[in-house]
Amino acid sequence: MGTGAITLRELVAALDSAVVGLLEAPHGDLVEVATAALVEGADLAADGDWPAAVPDLHLHVGVGAAEAERWFADLARRAPRDRPRAVMAKSVGAGVRTAARAAGVALVAVHPLARWDSVLPVVHRLLDGSRRQAAAPDLAATDLFDLARIVARDAGGMVSIEDAQSRVLAYSASDASADELRRLSILGRQGPRDYLRALREWGVFDRIRASDEVIDVPAHPELRTERRLVVGIRGQAGVLGSIWLQQGDRPFSPDAEEVLRGAAAIAAHAIARSLAAPSTEAAQVQRLFGAGGGGVDVPSLAAALHLPQTGAAAVIGLAPHGPGSAVPGSSLRLLASALRPDALVTALGERAYVLLPGYTSAAAVTAWTRRLVAEFETRRACVLRAAIALPVPDLGAVAAARTEVDRVLDGAAFPADRVTTLAESRTAVLLGEVLDLVAEHPELRDPRVDALTAHDRDHGANLARSTAVFLAHHGDVRAAATALAVHPNTLRYRVRRAAEVIGVDLTDPADRLLLELQLALRDRTWLSRGR
């Protein structure tokens, strides 16, 4: 796909069937759209003297059917580069459809009640979001339409995100259970006056302005409106808007309120930033985590994101448990923002990282991470491993913490719940890296262990394994024998025989340390070969 472009299929899906419908697509619905413009009848008569290339998408405002048919007939005689790729219009009779098809231009029908001054900003936001993600494809640049879709999926229902003046900024797909209020809102029309009066009487608007709570708005059968949950979107300057979740054919998910709170935090960032800011911010956040080389202006970033420069923070790294997958970053942002509105999330390759500034309890961070990993596995069939670095003293230390987290994620030793901290995994990580270092330098391999392996192979013995278990149990014969399911005297004989074969003194601490390290390397090499 071209930089900053979306397909016609994506555009129509985002605008929703309540607003638009694709009628003609001579070249398929994967045609790319990167630019758009309102076009009136006078523009068509003037032959569309655009200062540069012809916009990919024309929105025909006040253009009658006869005008449109003549214009499409003229387009059919022009070179493809001089034609738009798609047209959105309200006058879409059979003659217009035929003319558009003959001109090779896609035709999208717009609902007669839709307001053009609502449709055009939505189209521009979709295209701007595509440009931002093409410039800096990062989780921090999550588009409001993406957010609405994710909330609808995770909370169960249909989502509308509105600004402080109750204008719809983004929404998820509607289904047959969408009520009249939702349809009118998406079309840019005001909802039923009686319903708005009821919301004021119930104090819904006052509660949105006064608190961060999720408000349950009951169904109103007389006004044909369904049950809704709503939460305010709050920024530094006050209320920036609201998120509405209409119940559909099935109940809301059990964690719908938590999902909405997280979404409100993300939406607050998205609405408050200028259109150009997300890509810049995304790159800064990635550099904060140590990506891309170079440093980051910590004081400026902290001020821009309203983060404390100092004070204990936690860095959490998450990696897929297996190749060929990646951490679902958008859902991760939603859950992290529900925990802390100032949480930062970024994706680097297949891994994702979370910064929780100013946490109050290490145990709470670990417990939340365990719930997160369990949630992704049970509800999204995504198996993750997580490593936690805490306390991170200040924002300037985030990159170093991420490096430490990666060292843990690169290792193979994880507990059953696949969540560990740097403190818990330090020994395993360092031992693994020591073994990696020895494995990379053949001159550091002890040939006596190869001799012991050869002896076992030639005589059908098990001296190497028995000695490794004996050393792992610190020389406790009975415990090691139990682990091997052999008699203690059998183990004593094997260990004594192993010492004779390779010529080491197992009463010497240095010999024991070296042999245990070399046997661990041998066992890991055999496992990697599937032996």
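Remark: F145 engages Y171 in a ring pair (Phe, Tyr, Trp, His ring centres under 6.0 Å) (not counting sequence neighbours). Take R207 and apply the salt bridge (Lys or Arg N to Asp or Glu O under 4.0 Å) test, not counting sequence neighbours, and it matches E213. Evaluation of the side chain to side chain donor-acceptor pair (under 3.5 Å) rule for R101 yields E24 as partners, not counting sequence neighbours. Scanning for salt bridge (Lys or Arg N to Asp or Glu O under 4.0 Å) contacts around R182 gives an empty result, with sequence neighbours left out. Every residue two or more places apart in sequence or in another chain was checked for a salt bridge (Lys or Arg N to Asp or Glu O under 4.0 Å) with R153, and none qualifies. Every residue two or more places apart in sequence or in another chain was checked for a side-chain contact (heavy atoms from CB on, under 4.5 Å) with T378, and none qualifies. The salt bridge (Lys or Arg N to Asp or Glu O under 4.0 Å) check on E375 picks up R379, R380, with sequence neighbours excluded. Legend: residues meeting side chain to side chain donor-acceptor pair (under 3.5 Å) with R197, ordered by chain and number and at least two apart, are D194. Under the side chain to side chain donor-acceptor pair (under 3.5 Å) criterion, R83 pairs with no residue, sequence neighbours left out. Legend: residues meeting side-chain contact (heavy atoms from CB on, under 4.5 Å) with P391, ordered by chain and number and at least two apart, are A312, Y359. When the side chain to side chain donor-acceptor pair (under 3.5 Å) test is applied to S177, the partners found at least two apart in sequence or on another chain are D175.
Minimum interatomic distance between A352 and L332 (heavy atoms only, all atoms of both residues): CB-CD2, 3.5 Å.
Using a 4.0 Å cut-off between charged nitrogen and carboxylate oxygen, E258 and R261 do not count as a salt-bridge pair. A salt bridge links D179 with R228: at least one charged nitrogen is closer than 4.0 Å to a carboxylate oxygen.
With rounding to the nearest 0.5 Å, the separation of CD in E201 from CG in D206 is 12.0 Å.
Proximity of the aromatic rings of W116 and H60 is defined here by a centroid distance below 6.0 angstrom, and this criterion is not met.
In this structure, R402 satisfies the cation-pi test against Y353, with its NZ or CZ atom closer than 6.0 Å to the six-membered ring centre and inside 45 degrees of the ring normal.
Note on residues 233-251: pairs passing salt bridge (Lys or Arg N to Asp or Glu O under 4.0 Å), not counting sequence neighbours, are D212-R234.
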